[in-house]
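Inspection log for the structure reproduced underneath, given as structure tokens.
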Amino acid sequence: MGSSMAQNFMSIGLAVRCCVALGMVVSSGSALADPNLASVESPGKVLSVSVQVAPDGRLSYKIDRKGQPVIAPSRLGFVLASDKPLDAGFALERNVVTDHDDTWEQPWGERRNVRNHYRQMRVDVKKNDGRRLAIVFRVFDDGVGFRYEFPKQANNRALQISDELTEFVVARPATAWWQQAGEVWALEYPIQKSPLREVGMANTPMTVKMDNGTHIAFHEAALVDYASMWLRRVEGQRLRAHLAPSATGAPVVRSGAFTTPWRTMQIADDAAGLYMSDLVLNLNEPNKLGDVSWVKPSKYVGVWWDMHLETKSWANGPKLGATTAYTKRYIDFAARNGFRGVLVEGWNPGWDSDWAGNGLDMDFTRSNPHFDLPALAAYGKARGVHIIGHHETGGNIAHYEKQLDAALKLYAKNGVDSIKTGYVTDGGAAQFMGKNGKIHFGYTDSQEGVRHYQKVVEDAARYKIAINTHEPVKDTGLRRTYPNWISREGARGVEYNAWGVPPNTVDHEANLVFTRMLSGPLDYTPGILSLEGKDKKPFNSTQAKQLANFVLIYSPVVMAADLIEHYERYPGPFKFIQDVPTDWQDTRVLHGAVGEYATIARKDRHSDAWYVGSVTDGNARTLDMPLAFLDQGKTYVAEIYRDGDQADYRTEKKFDVVIEKRNVTAADTLKLKLAPGGGQAIRLVPLK
């Protein structure tokens with residue numbers, strides 16, 4: 001379609017956005033004004049990307065935002081184990097720019113409809129020894145993604161990638177919020193704040209704020225059959241991609257033509273703009289599973305928190321939690337209070353041994369002698385409650401894969417349509433089956449780990465089972481392609497509040513929103529109304545903040561994690577937990593500063609109600625919240641759950657929750673008063 005035809009379509013107000021969209025060639029190698037430079041702007045001319053070929057044939061790119069540098073010239077290329085480096089000696093052969101603008105619907109998510117609007121620049125380069133490579137940039141108004149495309153290798157050889165030379169040079173002095181990569185606890189370290197010049201080896205997403213206020217979140221999208229990317233600070237503010245290592249050779253080994261994951265930068269004026277971006281999702285392939293109406297966003301309760309409190313145990317004995325009688329109690333509670341599911345950990349043999357980091361005794365095809373899976377599945381079904389499956393592998397991936405198909409069949413036979421998987425092991429200590437038939441150890445975010453996680457999701461889809469991965473490989477938007485990959489952990493979770501070694505910091509949730517949550521849904525297990533962990537150790541939250549986390553920390557499957565007796569003790573706050581949905585029509589970030597505070601409003605996908613969650617760090621705050629997101633001309637009943645005037649996470653007043661109602665309209669502004677370590681949760685329902 002030519003550009004003049006596109007303009008004609010636009011002039012008559014054509015509403016349908018074509019997937020291939022304009023598809024017009026803007027420039028090609030023969031028409032370039034500068035044969036060593038290729039450039040493209042985002043649709044709204046907010047961002048511009050330039051690719052430069054240096055005199056020695058080295059490739060670099062840079063990004064400007066509104067005419068100001070964001071990413072200074074940064075190298076592109078690879079170090080190979082199978083050939084000489086793909087570094088210098090390149091010439092630009094061809095440059096093609098196309099436009100794309102469409103809107104697609106999420107089967108579940110933070111918002112129902114997602115606009116995918118970018119300009120794409122494909123740069124084909126040829127090395128002086130004849131080898132070819134393409135770099136594809138997709139430039140949105142709110143960020144940039146680029147990936148490499150490799151042609152089939154000569155003589156059908158496998159390409160072995162030792163590391164990438166991909167760089168990200170932040171153009172102005174910046175502060176970073178990050179967590180270390182390649183360490184023992186994988187993705188479960190607290191978020192650190194430091195000058196970017198002091199960052200070590202970081203995991204992604206990593207968020208930086210430049211001294212002019214511009215925010216950048218570095219991550220990757222569509223991580224498939226490739227090693228996860230860490231970020232290594234080389235010098236100053238120069239970051240370089242670092243591939244998670246392999247125990248058996250080069251971090252990445254691929255045959256035939258292939259593409260790498262997208263290297264992504266979400267770029268915005270502020271922290272709120274980062275979370276509002278759909279860039280990572282948009283860089284993934286569309287749904288490959290077809291009809292996924294069997295994937296059910298929902299809330300559940302579980303035989304879980306009491307294990308962490310050590311009042312129950314995973315192992316057999318007098319404290320065993322996974323018994324038929326105890327599970328029936330949770331099913332009855334779920335049925336009375338509108339929860340769709342009940343998670344039961346410890347249901348299968350294998351927990352009596354040293355299972356963490358081992359997992360060899362785990363049997364996923366049988367129940368323990370005290371747990372009757374078929375009877376409990378039938379008991380729950382009669383009451384509208386589903387058993388949530390659990391597969392804890394102890395990081396023994398080789399052992400798990402041997403049983404995987406039989407384990408999925410067992411659950412499918414008993415109506416279990418969602419599984420929480422787990423990989424509790426130290427970093428680099430997961431167990432894989434090698435091609436030689438021998439077990440070796442490696443990282444869960446290595447290429448073979450990435451392959452395993454995807455295998456589980458694809459195999460589960462054949463049985464119409466959704467997967468919620470704990471101790472996962474990080475989310476890179478693959479939930480778009482595989483909508484049964486419904487949630488993941490991949491962060492320092494609420495269980496640290498039970499252990500108290502130490503508990504999560506008071507700014508933890510305000511950090512997570514603008515770091516970990518930029519990658520996708522986070523199964524955070526909120527709602528601990530007792531506000532205490534093992535041995536009654538207090539943790540850093542008010543009750544109102546626990547309620548706010550149900551809206552703030554997004555996951556389509558959410559476990560209300562506290563004990564039944566605690567919910568029965570606090571029926572007022574528990575009412576919000578009963579009411580809040582997990583699937584959304586729309587999402588708005590109303591306030592936000594990384595690690596300080598955040599306010600998010602979400603509209604229920606199945607009603608006209610809105611829900612708001614707002615949290616702060618250790619500082620009390622008062623925030624004005626205009627209600628302009630509400631429908632004009634409607635009156636809403638605002639059901640407000642706020643910190644009391646004396647509430648404080650450091651005192652017994654942390655239990656002080658005021659529950660009140662008032663009528664509001666879109667013209668009103670609510671004043672959110674947040675106590676130290678506190679929050680506020682609001683339900684806004686149209687007045688009938």
Side-chain angles (χ1 to χ4, degrees), residues 299 336-339 509 526-529 531 541-554 558 560 562 566-591 597-616 620-649 653-688:
K299 297 192 299 289
R336 288 196 307 270
N337 293 284
F339 294 93
E509 290 88 355
I528 306 298
L529 297 185
L531 301 181
S541 177
T542 67
Q543 268 198 351
K545 188 176 193 176
Q546 289 297 303
L547 302 182
N549 286 338
F550 279 89
V551 181
L552 197 80
I553 307 296
Y554 169 67
V558 180
D562 211 343
H566 294 156
Y567 289 137
E568 292 176 340
R569 185 184 305 166
Y570 301 107
F574 182 57
K575 179 64 165 57
F576 183 82
I577 297 174
Q578 291 174 289
D579 289 337
V580 65
T582 66
D583 195 16
W584 306 104
Q585 178 72 23
D586 196 6
T587 288
R588 312 281 179 88
V589 182
L590 306 179
H591 308 113
Y597 57 93
T599 307
I600 295 181
R602 304 188 194 269
K603 185 179 183 182
D604 181 19
R605 184 175 289 212
H606 303 290
S607 76
D608 289 327
W610 283 82
Y611 293 78
V612 176
S614 184
V615 303
T616 183
R621 299 182 192 277
T622 300
L623 303 172
D624 288 333
M625 187 179 75
L627 299 178
F629 56 86
L630 299 178
D631 290 347
Q632 297 291 326
K634 286 186 179 180
T635 298
Y636 291 75
V637 178
E639 301 171 3
I640 299 169
Y641 300 76
R642 65 172 176 85
D643 293 315
D645 292 341
Q646 303 301 314
D648 190 314
Y649 77 100
K653 292 293 185 181
K654 61 189 175 183
F655 292 97
D656 186 6
V657 176
V658 175
I659 303 172
E660 56 193 13
K661 294 183 180 182
R662 57 175 291 191
N663 291 353
V664 298
T665 70
D668 290 323
T669 295
L670 290 180
K671 197 170 288 291
L672 307 179
K673 291 185 66 176
L674 309 177
Q680 189 164 147
I682 305 172
R683 181 183 185 222
L684 296 141
V685 182
L687 188 66
K688 294 182 180 179

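No hydrogens, no waters, no symmetry mates; every other heavy atom, side chains included, goes into these values. These figures come from a predicted structure and were not determined experimentally.
- Here the shortest heavy-atom pairing between Ala666 and Leu630 reads CB-O, 3.6 Å.
- Note: Trp610 and Phe629 have tilted aromatic rings, judged against thresholds of 30 and 60 degrees for the angle between ring planes.
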Name every donor-acceptor pair, under 3.5 Å, that has one atom in a side chain of residues 578-587 and the other anywhere in the protein, sequence neighbours excluded.
{"unit_1": "Gln578", "atom_1": "NE2", "unit_2": "Asn337", "atom_2": "OD1", "d": "2.9"}
{"unit_1": "Asp579", "atom_1": "OD1", "unit_2": "Lys575", "atom_2": "NZ", "d": "3.2"}
{"unit_1": "Asp579", "atom_1": "OD2", "unit_2": "Lys575", "atom_2": "NZ", "d": "2.6"}
{"unit_1": "Thr582", "atom_1": "OG1", "unit_2": "Ser298", "atom_2": "N", "d": "3.2"}
{"unit_1": "Thr582", "atom_1": "OG1", "unit_2": "Pro556", "atom_2": "O", "d": "2.8"}
{"unit_1": "Asp583", "atom_1": "OD1", "unit_2": "Gly109", "atom_2": "N", "d": "3.1"}
{"unit_1": "Asp586", "atom_1": "OD2", "unit_2": "Arg588", "atom_2": "NE", "d": "2.9"}
{"unit_1": "Asp586", "atom_1": "OD2", "unit_2": "Arg588", "atom_2": "NH2", "d": "3.0"}
{"unit_1": "Thr587", "atom_1": "OG1", "unit_2": "Glu110", "atom_2": "O", "d": "2.6"}
{"unit_1": "Thr587", "atom_1": "OG1", "unit_2": "Arg602", "atom_2": "NH1", "d": "3.0"}

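- The shortest side-chain heavy-atom distance between Gln680 and Tyr641 does not fall under the 4.5 Å cut-off.
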Given the rule in the side chain to side chain contact (heavy atoms under 4.5 Å, CB included) test, do Arg642 and Leu674 qualify, once you have shown the distances and angles that lead to the verdict?
-> CA-CA 8 Å; Arg642 65 172 176 85; Leu674 309 177; over 6 Å; no
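- Under a 3.5 Å cut-off, the side chain of Lys545 and the backbone N or O of Thr616 do form a donor-acceptor pair.
- Here the CG-OG1 distance, from Leu552 to Thr599, works out to 8.0 Å after rounding to the nearest 0.5 Å.
- In this structure, CG on Asp562 lies 4.5 Å from CD1 on Ile528, to the nearest 0.5 angstrom.
- Put simply, the side chain of Leu547 reaches to within 4.5 Å of the side chain of Ile577, judged on heavy atoms.
- Here the NE2-CG distance, from His566 to Leu531, works out to 10.0 Å after rounding to the nearest 0.5 Å.
- Across all their heavy atoms, Ala647 and Pro676 have their closest contact at O-CD, 3.7 Å.
- Other residues, nucleotides and ligands contribute more than 12 heavy atoms inside 6.0 Å of the NZ atom of Lys603.
- Between the side chain of Gln546 and the main chain of Leu529, no donor-acceptor pair closer than 3.5 Å is present.
- Between His591 and Leu672, some side-chain heavy-atom pair lies under the 4.5 Å cut-off.
- Scored by the side chain to side chain contact (heavy atoms under 4.5 Å, CB included) test, Pro686 finds Asp608, Tyr636 as partners (sequence neighbours excluded).
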Would you check, one step at a time, whether the test side chain to side chain contact (heavy atoms under 4.5 Å, CB included) holds for Phe576 with Tyr611?
-> CA-CA 10 Å; Phe576 183 82; Tyr611 293 78; 3.9 Å; yes
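- In this structure, Pro526 and Phe550 have side chains that are in contact, with non-hydrogen atoms separated by less than 4.5 Å.
- Between the side chain of Glu660 and the main chain of Ile640, no donor-acceptor pair closer than 3.5 Å is present.
- Between Ala681 and Ala548, the shortest heavy-atom contact is CB-N, 3.9 Å.
- One finds the CG atom of Leu684 at 11.5 Å from the CG atom of Asp631 (value rounded to the nearest 0.5 Å).
- Under the 3.5 Å distance criterion, the side-chain polar atoms of Tyr567 are matched with a main-chain donor or acceptor of Gly527.
- Taking the side chain as every heavy atom from C-beta outward, Tyr597 and Leu623 approach each other to under 4.5 Å.
- When all heavy atoms are compared, the tightest approach of Ala544 to Gly679 is CB-O, 3.2 Å.
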Are Val637 and Asn663 close enough, and set up right, to give a side chain to side chain contact (heavy atoms under 4.5 Å, CB included), and what steps lead you there?
-> CA-CA 5 Å; Val637 178; Asn663 291 353; 3.7 Å; yes
Might you work through the side chain to side chain contact (heavy atoms under 4.5 Å, CB included) test for Leu687 and Lys634, ending with a clear yes or no?
-> CA-CA 8 Å; Leu687 188 66; Lys634 286 186 179 180; over 6 Å; no
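- Counting heavy atoms from C-beta outward, Ile682 and Leu670 have side chains that approach closer than 4.5 Å.
- To the nearest 0.5 Å, the span separating CG on Asp643 from NZ on Lys654 amounts to 13.0 Å.
- For the atom pair Glu568 CD and Arg336 CZ, the distance stands at 6.0 Å (nearest 0.5 Å).
- When every heavy atom of Ile659 is checked against every heavy atom of Gly572, the shortest pair comes out as CD1-C, 3.5 Å.
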